[in-house]
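Since the model is a prediction, treat every value here as computed from it, not as a measurement. We name chains A, B, ... by the order of the sequence lines, and we start the count at 1 in each one.
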There are 2 protein chains.
Amino acid sequence: MVLAHIILGFLALAPMTGYDLKRHFDSTVGHFWSADRAQIYRALATLVADGHAEVETVAGSGAPDRQEHRVTDAGRAALAAWLAAEPERHVDRDPFLARVFFGADLAPDALLALLARRRAEAQTRLADYERLRAESDTGTRAARLRLATLDNGIAHLRAELTWLDAVTEEFA
Amino acid sequence: MVLAHIILGFLALAPMTGYDLKRHFDSTVGHFWSADRAQIYRALATLVADGHAEVETVAGSGAPDRQEHRVTDAGRAALAAWLAAEPERHVDRDPFLARVFFGADLAPDALLALLARRRAEAQTRLADYERLRAESDTGTRAARLRLATLDNGIAHLRAELTWLDAVTEEFA
DNA sequence: TATCCCATGTAAGCTGTTACATGATTTG
DNA sequence: CAAATCATGTAACAGCTTACATGGGATA
């Protein structure tokens, strides 16, 4: 499972609660992975059961108790093994392209509205990523690798925008 | 469910068996959607149960019987409604980028091997798509829309290759 | 005083993958 | 004669999403 290994990767940086992890998913890896709370809590329980992580309950002063998870040596080994393993092949399923594919059954203005909407979303995300990029650290090799994944997202968004312009013009 | 609507879209073009649909998934929409047989047969059963499709058993001369599915009026209406509906938001989860993100824990040559492998895959797919594109019909509006989705795949693969070259150079 | 944030989890349902199971015909 | 293709389906499991459920502290 990829999710469990991404969590191990985060825990290897610092001990965290499920809630902390959710924030990391949404901010730092949101451009190539997402996970919701239910998934994260289950994955954490599995990691603990497998001996890849340990929990420590930290009494919250005022706030609720924090279930801090930290990676174990076995967990670090599992992360290293996964990183070096054969990558799982992945298929991107994009409902938007499915709509375009069968778009002949759609009124011309509805098609243009669909494209315009996609364009607006891409542009918003591109602006977000570029802001994030500008704020990013480029010191260490680790930081530059993380930045590279963000650049991947930026490159794909730019390609998408160029494609959208061409298609919009063709079907306008 | 997106899958069910893609199937309706195919059935609207011609009546088909689950087996036929599988071939269509692999060839014509493989660049933005995939589905396996188990999924397709289940989805077909659901479509029939919902009145969106009808089955007719066609005795196979020599070959096994074909369960031909054809879209009903209700099915066509459902397809049209889906095409015009709010697009479901989609998150692309890419395990490769997860590996790069935590790639500092990987030996430098293992990272380069990972990038090289991704590059080879992207190039193979790009060649496939370009061949498909060359063979494609551009006559009708419907055909041009289908071609546009293929161009989307091509645009993203080119962006990926450019990014891979830059990253490979940076971390070489 | 109402809403947001912190922080936890469970339950049910849907989607996707893998393995099991069968059998005739066509092609190399 | 072996392998691929045509054609159907079931069972079990894995992964993801949505809804339900709770409660205190901080902020507007």
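At a threshold of 4.5 Å between non-hydrogen side-chain atoms, the residues Leu115(B) and Leu112(B) count as touching. Side-chain contact between Phe10(B) and Val29(B): present, with at least one pair of heavy atoms (C-beta onward) separated by less than 4.5 Å.
Atom CG of Asp26(B) and atom P of dC6(D) are 12 Å apart (whole Å). The CZ-P distance, from Arg66(A) to dG9(C), rounds to 12 Å in whole Å. The distance between atom NE2 of His24(A) and atom P of dA7(C), rounded to the nearest whole Å, is 13 Å. Counting to the nearest Å, the P atom of dA7(D) and the CG atom of Leu21(B) are 12 Å from each other. As a whole-Å value, the separation of Tyr19(B) OH from dC6(D) P is 4 Å. At whole-Å resolution of the value, CG in Leu44(A) and P in dT8(C) are 9 Å apart. Summarising the geometry, the separation between CG on Asp20(B) and C1' on dT5(D) is reported as 13 Å, rounded to the nearest angstrom. The distance from atom CD of Glu68(A) to atom P of dC6(C) is 15 Å, rounded to the nearest whole Å.
Across Thr28(B) and His31(B), no two heavy atoms sit closer than the pair O-NE2, 3.3 Å.
Around atom CD of Glu169(A), no more than 12 heavy atoms belonging to other residues, nucleotides or ligands sit under 6.0 Å away.
The distance from atom CG of Leu164(A) to atom CD of Gln123(A), rounded to the nearest 0.5 Å, is 9.5 Å.
Using modelled atom types, no side-chain atom of His90(A) and backbone atom of Glu88(A) make a donor-acceptor pair closer than 3.5 Å. The closest donor-acceptor contact from the side chain of Arg141(A) to the backbone of Phe171(B) lies at 3.5 Å or more, if one exists at all.
Both His69(B) and Arg23(B) lie near DNA chain D, and the one whose nearest nucleotide falls closer to the 5' end is Arg23(B).
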For nucleotides 15-20 of chain D, give me one character per nucleotide, 5' to 3': B if any protein heavy atom sits under 4.0 Å from the base, S if the only such contacts are to the sugar-phosphate, - if neither. SBBB--
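Considering only side-chain N and O atoms, Thr17(A) lies nowhere under 4.0 angstrom from the phosphate OP1 or OP2 of dC6(C). In terms of phosphate contacts, Tyr41(B) brings no side-chain nitrogen or oxygen within less than 4.0 Å of OP1 or OP2 of dG9(D).
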